[in-house]
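Whatever order the structure lists ligands and atoms in, that order sets their numbers, starting from 1. These numbers come from a predicted model, not from an experiment.
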Amino acid sequence: MDKKSKLQAPSGMHDILPEDEQFYQKIYDTASKMADFYGFQKIDTPIVEDAELFSRGVGLTTDLIEKQMYTFKTRGGDYLALRPEFTAAVSRAYIEHGMFNMPQPVKLFTYGPLFRYERPQLGRFRQFHQIDFEAFGEGSSVIDAQIIQIFYNILKELKFKNIVIEINSIGDNQCRPYYKKLLTNYLKARENSLCSDCRRRIRENPLRVLDCKEEKCQPVKAQAPQLIDHLCEGCKTHFKQVLEFLDEIELPYRLNPYLVRGLDYYTKTVFEFFEDTDAGKNLGALVGGGRFDALIKILSGKDTPAAGGAAGVERLVQILKERSKDINPAQKNIFLAQLGELAKRKSLKLSEDFRKANIPIAESLGKDSLKTQLRAADKVGAIYALILGQKEALEESVIVRDMRTGRQDTIKMDKVVSEIKKRLGK
Ligand code: AMP
């Protein structure tokens, strides 16, 4: 096939195939249940927004805005962006719909696709999905802890193991400017020992140097002044309280003074979740978030404290999939096999009886050979095969074959659902 006619999904974007949909659904269901319990209401925002929303909200000198936004001009001349993140979009909706007039905090929850022009690699896509929780109008540290608790509970519910929560405080506009100056002076004096990206960052966004993974920058990072030592009283107390809440609910966190996160709008608490297992090791952060007390004002809303976080669905799916490798995703306890025209017709009716009784069954009604059908029953890991031949169809009965022992019993057709229920202990 010549190269031109070979159409594929765009680089870094992927189809979610039927066999993977169950993992996505499970994550969305678990998150929705958690949102319900903690009083976060579902909201959906458009996939495109005014590009300015992100450049203003997230910050012009962040990688996200500088390098990763998908932007385009519409026929009408509007300059729009495919949303690269949720926080600015949900904040825009909070302001636009006057939600500051509602009883605070306003707690919102959403999930869906995001777009970032990144270099595709393991766990890093150009279209990916997040589940996102945001709480507006609450400055108390208890909300920071609750957001962390929600993501912890979601991962626990999804049976993630060895979850590590890294946490830091990056101060606010009281203490951060002074620290930034201190850090900039320190970095300038060591500029030659930094990678080229970090040399640029000294001027544009010095905090990001602390985040750099380049080998070359590590010794400079290790000796750098730490923000945690320069927090103002307000930020210090806030951070202490968050940690006390986490202690109270016994969540396993680790202080990471180098955690600064990529986006400008964060204030005070920032956090990330990792899974310390073979499957999780190379995936990077599963969840990220923090407090963003300055964002609503930057977006021309009233001064409103806020906190939130987001989990990367593809990364969660990757781990869930890895773990379920040995589980047959198509597993069904019951397989309905038939032989002959009359049996086929009766099978249709019988399969309806099982659906009404809420017992999933597998079948291959299009197949005629019993051998092929029993092989299919094996494949889905069926415990019982129900066999409807010509004779059974005429006698209104069904053969129930125990696939483990080969034992067969003939049961009256109108009793078969209750018999199966009994055998499956339902
Ligand atoms: P962020 O919005 O950058 O704070 O990211 C929150 C979470 O989304 C991260 O912890 C990742 O799990 C996930 N994530 C971020 N960027 C990507 C990407 N390009 N591909 C897949 N997942 C991502």
Side-chain angles (χ1 to χ4, degrees), residues 9-16 20 23-24 27-28 31 45 49 53-54 57-59 62-70 81-91 109-134 144 147-148 150-152 154-155 158 160 163-168 170 205 207-208 211 213 256 259-267 269-277 279-292 295 306-322:
S11 170
M13 304 195 179
H14 61 102
D15 300 307
I16 303 173
D20 289 344
F23 298 108
Y24 283 77
I27 292 166
Y28 296 145
T45 59
E49 295 272 358
L53 170 66
F54 301 109
V58 178
T62 55
D63 283 354
L64 193 68
I65 303 307
E66 256 182 350
K67 303 185 195 151
Q68 297 175 353
M69 272 219 291
Y70 282 88
L82 297 183
R83 63 182 179 200
E85 60 116 48
F86 275 121
T87 304
V90 177
S91 299
F109 153 69
T110 190
Y111 56 79
L114 302 172
F115 304 84
R116 294 183 191 173
Y117 194 80
E118 304 205 61
R119 196 162 59 80
Q121 51 191 295
L122 179 74
R124 199 166 283 287
F125 300 94
R126 290 181 174 170
Q127 177 178 343
F128 62 100
H129 298 74
Q130 280 185 349
I131 46 178
D132 178 80
F133 286 75
E134 314 283 2
D144 310 34
I147 300 268
I148 293 173
I150 287 172
F151 282 105
Y152 185 79
I154 291 173
L155 295 191
L158 292 167
F160 277 65
I163 303 164
V164 178
I165 303 167
E166 294 198 346
I167 187 163
N168 191 23
I170 56 167
N205 203 343
L207 253 64
R208 290 305 310 277
D211 209 10
K213 306 283 183 290
N256 176 0
L259 181 64
V260 290
R261 302 202 27 80
L263 318 180
D264 270 5
Y265 54 59
Y266 285 112
T267 51
T269 318
V270 287
F271 64 85
E272 279 183 349
F273 282 48
F274 298 85
E275 193 192 62
D276 198 7
T277 60
K281 219 162 251 164
N282 302 317
L283 272 182
L286 303 177
V287 182
R291 181 159 276 285
F292 48 97
L295 180 62
V313 180
E314 274 70 11
R315 294 188 190 180
L316 304 187
V317 167
Q318 170 93 16
I319 294 177
L320 289 184
K321 260 176 87 169
E322 191 65 35

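Not one N or O of A311 is nearer than 3.5 Å to an N or O of ligand 1, by distance alone. The shortest N or O to N or O distance between A285 and ligand 1 is below 3.5 Å. Looking at ligand 1, you'll find an N or O of R261 within less than 3.5 Å of one of its N or O atoms. By the 3.5 Å distance cut-off applied to N or O atoms, E314 is not counted among the residues near ligand 1. Taking only nitrogen or oxygen atoms, main chain and side chain alike, F128 does not reach within less than 3.5 Å of ligand 1.
Between E275 and L155 there is no side-chain heavy-atom pair separated by less than 4.5 Å. Counting heavy atoms from C-beta outward, Y117 and R126 have side chains that approach closer than 4.5 Å. No side-chain heavy atom of T269 sits less than 4.5 Å from a side-chain heavy atom of I147. L316 has its side chain within reach of L286: a pair of non-hydrogen atoms, C-beta onward, lies under 4.5 Å apart. Under the 4.5 Å side-chain criterion, counting only non-hydrogen atoms from C-beta, I154 is not in contact with F160.
Using a non-hydrogen distance threshold of 4.0 Å, H129 does not register as a contact of ligand 1. Note on ligand 1: E118 sits in its first shell, one or more heavy atoms being nearer than 4.0 Å. Residue-ligand proximity: R124 is placed with a non-hydrogen atom under 4.0 Å from ligand 1.
Listed by atom number, the atoms of ligand 1 under 4.0 Å from A310 heavy atoms are 6 (C), 7 (C). Interface of V287 with ligand 1, defined as ligand atoms under 4.0 Å from a residue heavy atom, comprises 10 (O).
Nearest heavy-atom pair across G57 and Y265 is O-CD2, 3.4 Å. Contact detail for I131 and V313: the closest heavy-atom pair is N-CG2, 3.9 Å.
The closest protein non-hydrogen atom to atom 20 (N) of ligand 1 is F125 N, 2.8 Å. Closest protein heavy atom to atom 7 (C) of ligand 1: Q130 NE2, 3.6 Å. For atom 3 (O) of ligand 1, the closest non-hydrogen atom on the protein side is R116 NH1, 2.9 Å. Protein heavy atom at the shortest distance from atom 13 (C) of ligand 1 is G312 CA, 3.5 Å. Looking from atom 21 (C) of ligand 1 to the surrounding protein, the closest heavy atom is G123 O, 3.2 Å.
Counted by atom type alone, H14 and Q127 present zero donor-acceptor pairs between their side chains at under 3.5 Å.
Between F151 and F273, the ring planes are perpendicular. Angles over 60° get that label, and only those under 30° would be called parallel. Ring-plane geometry between Y266 and F292 is classed as perpendicular, the angle between the planes exceeding 60 degrees on a 0 to 90 degree scale with a lower cut at 30.
Only backbone heavy atoms of L286 (N, CA, C or O) come within less than 4.0 Å of ligand 1; its side chain stays farther off.
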